[in-house]
2 protein chains.
Amino acid sequence: MHAAVLRYFDHVARQGSIRKAAEALSVASSAVNRQILRLEDEIGVPLFERSRAGVRPTAAGELLLRHVRETQIEFQRAQAEIASLGGTVSGTVRIISLESMLARFLPEIVAEMTARHPRVNFTVLTVHPSEIAEALRSGDSDFGVLFVDNRLSGVDVVAEFRTAIGALMRPNHPLAGAKVLTLTECARHPVIMLNDRWLLSAIMTTEFAESGARLSPRIVSNSIEFMRQVIVRGLGIGFVTPIGFIDEIRRGELVHVPLAEPGLSDSRIGILVPRHRRLSPPARLMINHIRQRLTEFGSFLAAPTREPAKRSKRNRRA
Amino acid sequence: MHAAVLRYFDHVARQGSIRKAAEALSVASSAVNRQILRLEDEIGVPLFERSRAGVRPTAAGELLLRHVRETQIEFQRAQAEIASLGGTVSGTVRIISLESMLARFLPEIVAEMTARHPRVNFTVLTVHPSEIAEALRSGDSDFGVLFVDNRLSGVDVVAEFRTAIGALMRPNHPLAGAKVLTLTECARHPVIMLNDRWLLSAIMTTEFAESGARLSPRIVSNSIEFMRQVIVRGLGIGFVTPIGFIDEIRRGELVHVPLAEPGLSDSRIGILVPRHRRLSPPARLMINHIRQRLTEFGSFLAAPTREPAKRSKRNRRA
DNA sequence: ACGGTACGCTGCCGTTTCGGCACCACCCCG
DNA sequence: CGGGGTGGTGCCGAAACGGCAGCGTACCGT
């Protein structure tokens, strides 16, 4: 329905080059070039700054770009909305997520969704924390399953769940019997840390700094899967939320001990949606589904190694 | 920039007829027809119900229509935004207004705006109260200068001013000396009323009903100008806000006596903007301008016949 | 200094799309 | 049973679009 120039303009801005955009679009660069020139002529001002390296949007270009991208996103949403009129939900749900959610939790959710709504497609990505705000605002993703960060603006938290970042280790680890641990206690043993590029790490480093503990991690990685393997092999203690290790904890292969530090013992994971954007029907369904699933074992997330009914005393304890 | 089919689709829906739309668009009806058929083919579902009388959007059509219209409005806004990058504000401001504001107040505002920003165009309309919500929501207008109505949803009140609906009459009218009047007192004299189709009337009829007063108006009209003329000619008392009669009141040609009924003595006029819609630069300027102007003589609106210092004597006399 | 390369841009030309015209089929109304 | 209204359809010229080859330029590495 929409003019081709919208896609062209978007791609050129993304690629920073007319020729690259043309290649990505599978059209001749001349065609793309002419569309851009014609567009600039219509708007009346240059939309790109030309340089040897390529093109860069001007202020006017940025403004129009926002309109174009919003239009494309809204069109997709409208299409999904129309498709769901026929009863069958379809469309694409675009999610950005913590890698820990992505390891065990979300695959199950996605499987359940596809079972009920076969025509729904998914894009599930982990992103650099610095790109979270942009990914949500730009509409590249419908919503995020992320740590709740008060610094994020223009974002609504539609659901929120307490979880405890804790020490993850094998049952035969010397610290495995503890009900709660401090970072200082853990620091005497080999530890395994997430790469500091990631949000979890960002939270933890600040906490470490406050507690005065100094950790020299034996292993650093940004892969939850890698961490799983090295922790299972007894190479050290990992600091994670239990979510990505539900199976191992349930089977007794690993033990998750909450940390005493207040900022870590009650981290909050939430469903974050961009404010002022309507959600597509499949995205709405997906959010409801995630919310329901999360509340179902919310207690497990908060205190993974014990049962709900008995927690009142113990909480007073910790 | 945007495909022609957007305009076609919009017009067809508005006109309820492909041929009428084609005429309004100055293209052949066959061209419009084919674009619609092609669009329906692309979306995959019928967008219109065909009947002998013309076409009517289906549910899917309504959905897509909302997207299309929003796209067009946002495009205009983006254009205006780009244009204001160059320093000169341009674009069109679309306002819906009370007719009383339209009689004296808004023309002055518009004149001042065009003096400062010659490239800004205006559309100022009075609309049927039942269409206010639709006009704001659909984006047909940027904002409204209207009575604040709590029943309106999805609308923000960015500025609000108390005003008093009162009895307007010539200085030699028997009631002209009163400081405050009740509807019952006025009911003994000939009155002039706004046509009941209009919001002001809607407010007043409820108030009349509560106060138990029965008015059999000598003259009914929906034209502020007509009311002005017949009141000046001494044909009766009008029930209005003083806004549309500033000049006459200041010159002493007419006297405005507030009404005692609480719902009338402190009516609220506000600037109403649709929530969740960005305003174009000229619309923002216009709103700020109106707000400033209104606060400047806000006291005049609230108590027109009693200026704190100088005018108290004369008013008491008349 | 000099190719090599990547960039945006521009004639030229075939193909696709668009729009105008005339016309068909249909329905309602007088 | 016409007359006027509706949406839909061949046909055809015109305009737009896209592909190809090529131009000028600026940068980079040898």
Side-chain angles (χ1 to χ4, degrees), chain A residues 1-65 68 71-72 75 82, chain B residues 1-65 68 71-72 75 82:
Chain A
M1 172 175 82
H2 286 292
V5 66
L6 301 198
R7 277 187 314 126
Y8 291 9
F9 181 46
D10 183 17
H11 273 73
V12 169
R14 273 188 211 281
Q15 306 275 349
S17 155
I18 291 179
R19 294 183 113 100
K20 295 238 184 71
E23 191 182 6
L25 290 161
S26 306
V27 291
S29 67
S30 61
V32 177
N33 183 25
R34 261 191 291 256
Q35 292 274 16
I36 298 296
L37 291 175
R38 204 174 62 88
L39 182 58
E40 289 182 318
D41 188 61
E42 178 190 340
I43 303 296
V45 297
L47 264 19
F48 289 104
E49 287 175 5
R50 273 75 168 176
S51 70
R52 338 299 156 221
V55 294
R56 207 170 56 100
T58 61
E62 295 280 7
L63 244 26
L64 193 63
L65 210 47
V68 166
T71 298
Q72 291 174 318
F75 179 53
I82 289 171
Chain B
M1 174 174 83
H2 285 292
V5 65
L6 301 198
R7 277 188 313 127
Y8 291 10
F9 181 45
D10 183 16
H11 273 73
V12 169
R14 275 189 210 281
Q15 306 276 349
S17 155
I18 292 180
R19 294 182 113 99
K20 294 234 184 74
E23 189 182 8
L25 289 161
S26 305
V27 291
S29 67
S30 60
V32 177
N33 184 23
R34 261 191 291 256
Q35 291 274 15
I36 297 297
L37 291 175
R38 203 175 61 88
L39 182 58
E40 289 182 318
D41 189 59
E42 179 191 340
I43 303 296
V45 297
L47 265 18
F48 289 104
E49 287 174 6
R50 273 76 168 175
S51 68
R52 325 89 236 197
V55 295
R56 206 170 56 100
T58 61
E62 295 281 8
L63 243 26
L64 192 63
L65 210 47
V68 166
T71 297
Q72 291 174 318
F75 178 55
I82 289 171

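In what follows, chains carry the letters A, B, and so on, assigned in the order in which the sequence lines appear, proteins first and then strands, with residues in each chain numbered from 1. Everything quoted here is computed from the prediction, not taken from an experiment. Reckoned from all heavy atoms, side chains included, excluding hydrogens, waters and symmetry mates.
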Atom-to-atom span, [atom1] of [X] to [atom2] of [N] - whole angstrom:
X       : N      : atom1 : atom2 : result
A/Asp41 : C/dC9  : CG    : C1'   : 15 Å
A/Met1  : C/dT17 : CE    : P     : 18 Å
A/Glu49 : C/dC9  : CD    : P     : 13 Å
B/Arg7  : C/dG19 : CZ    : P     : 9 Å
B/Leu47 : D/dG8  : CG    : P     : 12 Å
A/Asn33 : D/dG19 : CG    : P     : 13 Å
B/Ile36 : D/dT6  : CD1   : P     : 15 Å
A/Glu23 : C/dT5  : CD    : C1'   : 15 Å

Applying a 4.0 Å non-hydrogen cut-off, can you work out what [X] is touching in the nucleic acid: base, sugar-phosphate, or nothing?
X       : value
B/Val55 : sugar-phosphate
B/Ser29 : nothing
A/Phe48 : nothing
B/Ser17 : sugar-phosphate

Could you pick out which residue, A/Leu37 or A/Gly54, lies toward the 5' side of DNA chain C when each is mapped onto its nearest nucleotide?
->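 Its nearest nucleotide being more 5', the pick is A/Gly54.
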Identify which nucleotide among [options] has an atom closest to any side-chain atom of [X], counting heavy atoms from C-beta outward.
X       : options                : value
B/Gln35 : C/dG20, D/dT6, C/dC18  : C/dC18
A/Ala4  : D/dG18, C/dC27, D/dA21 : D/dG18
B/Arg34 : D/dC17, C/dC21, D/dG7  : C/dC21
B/Ser30 : C/dG20, C/dC9, D/dG7   : C/dG20

N/O donor-acceptor pair under 3.5 Å between [X] side chain and [Y] backbone:
X       : Y       : result
A/Thr58 : A/Pro46 : yes
A/Glu42 : B/Met1  : yes
A/Arg50 : A/Phe48 : yes
B/Glu40 : B/Leu47 : yes

Is there a side-chain polar atom (N or O) of A/Arg50 under 4.0 Å from OP1 or OP2 of D/dA26?
->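 Negative; the distance criterion is not met.
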Taking only N and O in the side chain of B/Lys20, is any of them less than 4.0 Å away from OP1 or OP2 of D/dG5?
->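 Indeed not, no polar side-chain atom of B/Lys20 lies that close.
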Most 5' of A/Arg19 and B/Val12 on DNA chain D, judged by nearest nucleotide =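 Result of the comparison: B/Val12.
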Is there side-chain contact between B/Arg7 and B/Gln72, with at least one heavy-atom pair below 4.5 Å?
->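 B/Arg7 reaches B/Gln72 side chain to side chain.
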